[in-house]
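A short worksheet on the structure shown next.
Numbers restart at 1 for each chain; the letters A, B, ... are given by sequence-line order, proteins then strands.
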Amino acid sequence: MCGRYSLRKPYIAISEHFSVQLDLFEFGPRYNIAPGQQVAVLIREREQLTLVGMKWGLVPFWAKDPKIGNRLINARVETVSEKPAFRTALRTRRCILPADGFYEWNSAAASPRPVHFRFEDDRLFGLAGLWDEWEGPGGALRSCTILTRPANEVVAPVHHRMPVMFTEPEEIEGWLAPGPAPPVSTLELCGRRTRLQAHPASGRVNDPTFEGQDCLIPAPPSGWLF
DNA sequence: CCAGACGTTGTT
DNA sequence: GTCTGG
DNA sequence: CCAGACGTTGTT
DNA sequence: GTCTGG
């Protein structure tokens, strides 16, 4: 699955990589992006690519209680087109979450520690997502969710799910293009040929309020008490 | 008809 | 155990 | 995803 | 909003 990721690159690098036209908001390097937080999201709006801030955890437009978003942080690509919470967004509100790494925990381990997955050249990539807009008493709330798929051979030793991710500009354009979503078979192939690498990360990542580059310091060897 | 759910994860 | 919040 | 809470009363 | 279950 995908419950934590990183976006360490400066805004200018993200803006250039994804050819974003507008400069809407500022954000700093993120080592530990957690559900419920405000995240940077690439959408097609009024014919243009725009980078906007949204809450991670999708609140469907029909929701009565926005707390539903706490549970809708991921959508399985195998079933996303059938689910009431996601199918409308799949047709009309697909998005990309710029990222340069994501964390997975090996729950089979005695004391699970996070592993940071990133590319050999540490390049930016896009997580496939959906977004929605909910009209609440305090105004409109934009929120999003990340699609997941079965793990590829790099991630599988740690965890059996991983985010749907795009590295090629054509893939990203295809996902954001108006009209029906690309077929699932296409999504399953993405990220399979790429040089993704697994790096043991710090147990500090477990705390969703901990930010900073210490997140990427490898965990001490198992059995090390301090 | 109305009421209630609408999701994923991991673990047993 | 299960839900909420980050 | 993990961490942390998990409750009611009356009073300000 | 839309579907399922009672």
Side-chain angles (χ1 to χ4, degrees), chain A residues 1-7 27-41 53-93 97 99-118 127-136 138 140-151 155-165 184 187 198-212 214-217 219:
Chain A
M1 68 101 48
C2 184
R4 234 48 99 73
Y5 69 99
S6 64
L7 183 57
F27 54 89
R30 300 294 309 277
Y31 283 78
N32 193 9
I33 299 172
Q37 296 177 347
Q38 203 73 5
V39 296
V41 180
M54 289 189 196
K55 186 183 165 81
W56 180 10
L58 189 129
V59 181
F61 65 95
W62 43 256
K64 293 188 187 76
D65 185 348
K67 284 203 294 271
I68 192 175
N70 293 336
R71 301 193 299 289
L72 306 184
I73 66 170
N74 290 139
R76 294 173 67 92
V77 72
E78 300 95 320
T79 55
V80 65
S81 64
E82 304 155 15
K83 301 293 183 183
F86 301 134
R87 59 193 168 191
T88 308
L90 179 69
R91 276 190 272 112
T92 61
R93 288 183 297 273
L97 292 83
D100 50 32
F102 62 92
Y103 298 96
E104 299 289 352
W105 281 257
N106 185 349
S107 50
S111 58
R113 289 190 183 272
V115 174
H116 188 246
F117 291 92
R118 59 180 180 264
L127 302 173
L130 307 174
W131 68 281
D132 214 329
E133 190 165 291
W134 180 78
E135 291 295 337
L141 171 70
R142 283 181 167 187
S143 60
C144 60
T145 191
I146 296 173
L147 269 65
T148 66
R149 44 160 281 189
V155 178
V158 176
H159 196 73
H160 68 111
R161 304 289 297 175
M162 67 179 286
V164 175
M165 52 196 295
V184 169
L187 303 178
H199 299 267
S202 168
R204 299 258 246 159
V205 177
N206 291 8
D207 178 354
T209 66
F210 182 78
E211 279 283 350
D214 284 2
C215 285
L216 293 186
I217 294 175

For A/Ala198 against A/Val115, the heavy-atom pair lying closest together: CB-CG1, 3.8 Å

Residue pair A/Glu104 / A/Pro163, side-chain heavy-atom distance below 4.5 Å: yes

Sugar-phosphate only, base, or nothing, as touched by A/Phe86 at under 4.0 Å among non-hydrogen atoms: sugar-phosphate

Expected output: side-chain A/Trp56 to main-chain A/Ala34 donor-acceptor under 3.5 Å: no

Whole-angstrom distance between D/dT9 and C/dG1, as gauged at atom C1': 27 Å

d(CZ, A/Arg161; C1', B/dT9) in whole Å: 10 Å

Exam field: side chain A/Asn106 to backbone A/Pro112, donor-acceptor pair closer than 3.5 Å: no

Protein-nucleotide distance (A/His160, atom NE2; B/dT11, atom C1'), rounded to Å: 10 Å

Closest approach of A/Glu133 to A/Glu135 (non-hydrogen atoms, all atoms of both residues): OE2-OE2, 3.8 Å

Phosphate OP1/OP2 of B/dC6: any A/Arg71 side-chain N/O under 4.0 Å: no

Atom pair CZ/CE of A/Phe117 and A/Met162 - distance to nearest 0.5 Å: 8.0 Å

A/Arg4 side chain to A/Val205 backbone, donor-acceptor under 3.5 Å: yes

Residue pair A/Phe102, A/Ile146: steps toward the side-chain contact (heavy atoms from CB on, under 4.5 Å) verdict: CA-CA 12 Å; A/Phe102 62 92; A/Ile146 296 173; over 6 Å; no

Length of the line joining A/Glu104:CD and D/dC1:P, which is rounded to integer Å: 9 Å

Sugar-phosphate only, base, or nothing, as touched by A/Leu58 at under 4.0 Å among non-hydrogen atoms: nothing

Residues A/Arg30, A/Glu211: salt bridge by 4.0 Å N-O rule: yes

Rounded distance (Å) that lies between atom C1' of D/dC1 and atom CG of A/Asn106: 14 Å

From A/Gln38 atom CD to A/Ser143 atom OG, the distance as rounded to the nearest 0.5 Å: 10.0 Å

Whole-Å C1' distance, B/dA3 and C/dG6: 33 Å

Interatomic distance, A/Phe102 CZ vs D/dC1 C1' [rounded to whole Å]: 13 Å

Is there any protein nitrogen or oxygen under 3.5 Å from a nitrogen or oxygen in nucleotides 2-4 of chain D, and what are the pairs?
unit_1	atom_1	unit_2	atom_2	d
D/dC2	O4'	A/Arg4	NH2	3.0
D/dC2	O4'	A/Asn206	O	3.4
D/dC2	O3'	A/Asn206	O	3.0

Selected nucleotide, minimal atom distance to A/Leu72 side chain, candidates B/dT9, B/dG7, B/dT11: B/dG7

Donor-acceptor contact below 3.5 Å, side chain A/Thr145 vs main chain A/Leu72: yes

Strand DNA chain B in bracket notation, Watson-Crick/G-U under 3.5 Å with | for pairs to another chain: ||||||......

B/S/- contact track for nucleotides 1-6 of chain E, protein heavy atom under 4.0 Å: BSS---

Carboxylate-amine/guanidinium proximity below 4.0 Å for A/Asp132 and A/Arg93: yes

Whether A/Trp134 side chain and A/Ala63 backbone form a donor-acceptor pair below 3.5 Å: yes

Integer angstrom distance from the P of D/dC6 to that of B/dG4: 27 Å

Distance below 4.0 Å between A/Thr148 side-chain N/O and B/dT9 OP1 or OP2: yes

Whole-Å distance separating the CG atom of A/Leu147 from the P atom of B/dT8: 10 Å

Spacing of A/Glu82 atom CD relative to B/dT8 atom C1', expressed in whole Å: 15 Å

Sugar-phosphate, base or nothing in reach of A/Thr145, heavy atoms under 4.0 Å: nothing

Between B/dA5 (P) and A/Asp65 (CG): distance, integer Å: 12 Å

Separation between the C1' atoms of B/dA5 and C/dG5, rounded to whole Å: 23 Å

